[in-house]
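Okay, structure first, notes after.
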There are 2 protein chains.
Amino acid sequence: MHTLRDEPPLPARAGSLDRLDLRMLRILQSDGRITNKALAAAVNLSASACHQRLQRLMDQGWIEGFMGRVNIERLCEPVQCIATICMASHAPDTFRQLEQHIDDLAEATAAYTVSGGCDFIVHFACARMSRYMELTDELIRLCPEIGNISTHVVLKQSKAFTGYPIAQLLVEPA
Amino acid sequence: MHTLRDEPPLPARAGSLDRLDLRMLRILQSDGRITNKALAAAVNLSASACHQRLQRLMDQGWIEGFMGRVNIERLCEPVQCIATICMASHAPDTFRQLEQHIDDLAEATAAYTVSGGCDFIVHFACARMSRYMELTDELIRLCPEIGNISTHVVLKQSKAFTGYPIAQLLVEPA
DNA sequence: TTTTTTCGTCGAATATTATTCGGAGGCTGT
DNA sequence: ACAGCCTCCGAATAATATTCGACGAAAAAA
């Protein structure tokens with residue numbers, strides 16, 4: 001039986017989630033296909049209670065989905081590029097427009113609006129380099145406010161994304 | 001019953017995988033928790049045959065794992081930064097050393113060795129900005145060959161990574 | 001303090017799914 | 001045509017998911 005009274009408080013940021021939810025999130029992030037039964041055992045809950053919580057985590061959007069991590073290098077050796085984009089105009093509409101175009105591009109796999117030496121950083125995965133050129137040319141054509149695109153070809157992915165460091169992120173500020 | 005004789009050839013890159021395997025990979029990438037039964041139905045296979053293929057895809061490393069996509073912004077609003085790192089020395093050992101240190105850093109969530117205006121691009125997720133400074137200071141201390149680190153603070157993730165565009169990547173070169 | 005309400009858990013029952021197994025059919029090379 | 005190999009299928013079994021009513025703790029109201 002779980003008595004929450006004697007547990008230390010959680011970071012306010014975690015909202016309505018308790019320690020058990022967070023443990024579940026961490027486990028599910030690293031093993032998205034774990035069975036409900038095994039997850040229940042890992043957090044010391046009955047299968048039914050665990051199932052209910054898992055449902056809630058998904059319904060309330062704490063977990064946005066599950067994905068298989070495909071070994072894409074082995075599958076097809078794609079050309080991966082990271083583009084840093086500077087805008088000539090910083091009008092909000094211009095930004096939105098570019099974000100939309102990138103969102104529509106299947107081969108743009110991740111995109112960030114950033115501060116610093118450029119305005120956007122976009123990760124691409126393409127079948128070949130000529131395809132990457134097509135894509136960037138098209139972007140520039142669609143979005144004349146793009147001032148500059150600087151391309152970094154990925155020589156090697158030295159660390160693949162396998163989830164966020166939830167434990168480290170939830171520590172209280174000192 | 002599947003007769004492969006009349007199917008068009010696959011890209012050689014896909015190795016020993018056939019069309020069915022690729023469809024499974026695509027589905028599993030976008031829905032990592034799909035049941036074997038549903039997957040079988042989606043690719044027109046019996047549950048047993050599908051199960052056998054799934055096992056093979058994992059055993060042979062085409063799928064490296066499954067992860068839950070946690071809504072990290074909602075969970076804790078981390079400070080996300082993308083750092084571009086230039087090395088003063090391009091000796092292989094220096095590169096390996098930095099890769100190792102980054103690999104050991106939980107808060108470095110993805111890292112790329114790239115060509116272009118810098119040598120590395122690293123994505124960080126930290127509890128707060130001061131923590132990011134600690135991490136980069138530590139990196140510079142451990143790796144004196146780092147010539148320069150330029151930080152881009154992520155203002156907004158306009159497109160989250162949800163998998164590679166397998167369909168686009170497997171098209172044959174024109 | 002006592003009562004009431006709420007919330008989350010449990011265990012059992014049922015529904016669904018995973019996994020294993022033997023057999024059948026296609027494909028290839030002899 | 002035949003043998004060997006591969007992959008499929010369907011049925012049987014094992015395991016898991018999901019639902020449900022009841023119980024106990026904590027919090028709110030009396």
Would you work out how much the helix from C:dT1-D:dA30 to C:dT30-D:dA1 bends between its ends, with each end axis defined by five base pairs, to 10 degrees? 30°
Mind calculating the distance between CZ (B:R19) and C1' (D:dC8) to the nearest angstrom? 18 Å
Can you name the atoms? Protein N/O to nucleotides 10-12 of chain D N/O, anything below 3.5 Å, with the distance.
| from | atom 1 | to | atom 2 | distance (Å) |
| --- | --- | --- | --- | --- |
| D:dG10 | O6 | B:S48 | OG | 2.7 |

Checking A:R56 now: which residues fulfil side-chain contact (heavy atoms from CB on, under 4.5 Å) with it, not counting sequence neighbours? A:L17, A:D21, A:R53, A:Q60
Output the rounded distance in Å from CG (A:N36) to C1' (D:dA15). 13 Å
Side-chain polar contacts of residues 145-154 of chain A - donor-acceptor pairs under 3.5 angstrom, sequence neighbours left out - could you list them?
| from | atom 1 | to | atom 2 | distance (Å) |
| --- | --- | --- | --- | --- |
| A:T151 | OG1 | A:Y132 | OH | 2.6 |
| A:H152 | ND1 | B:S115 | O | 3.4 |

Is there a donor-acceptor pair under 3.5 Å between the side chain of A:R69 and the backbone N or O of B:M67? no
Listing, residues 158-166 of chain A side-chain donor-acceptor contacts under 3.5 Å, not counting sequence neighbours, or none:
| from | atom 1 | to | atom 2 | distance (Å) |
| --- | --- | --- | --- | --- |
| A:S158 | OG | B:A111 | O | 3.4 |
| A:K159 | NZ | B:I102 | O | 3.1 |
| A:K159 | NZ | B:D103 | O | 3.1 |
| A:K159 | NZ | B:L105 | O | 2.7 |
| A:K159 | NZ | B:A108 | O | 2.9 |

Find the distance A:K37:NZ to D:dT16:P and express it as a whole number of Å. 4 Å
In whole angstroms, how far is the C1' atom of D:dT7 from the CE atom of B:M24? 13 Å
Please state how far atom CD1 in B:I34 lies from atom P in D:dT16, giving the value in whole angstrom units. 20 Å
Tell me which residues in residues 51-58 of chain B put a heavy atom below 4.0 Å from DNA chain D, sorted by number, or none. B:R53
Is the backbone N or O of B:M87 less than 3.5 Å from a side-chain atom of B:D119, with the two atoms forming a donor-acceptor pair by type? yes
Write out all pairs satisfying salt bridge (Lys or Arg N to Asp or Glu O under 4.0 Å) with one or both partners inside residues 105-118 of chain A, taking only residues at least two apart or from two chains. A:E107-A:R131
Protein-nucleotide distance (B:D21, atom CG; D:dC8, atom C1'), rounded to Å: 14 Å
Ring pair (Phe, Tyr, Trp, His ring centres under 6.0 Å) partners of B:H123, counting only residues at least two apart: A:Y112
Applying ring pair (Phe, Tyr, Trp, His ring centres under 6.0 Å) to A:H90 and not counting sequence neighbours gives A:F95
My understanding is that only residues two or more places apart in sequence, or in another chain, count here; which of them pass salt bridge (Lys or Arg N to Asp or Glu O under 4.0 Å) with A:D59? none
So the salt bridge (Lys or Arg N to Asp or Glu O under 4.0 Å) pairs with at least one residue in residues 35-48 of chain B (sequence neighbours excluded) are none
Rounded to whole Å, how long is the line connecting atom CZ of B:R33 with atom C1' of C:dT17? 13 Å
With ILVMFWY side chains joined below 4.5 Å, transitively, what does B:L155's cluster contain besides itself? none
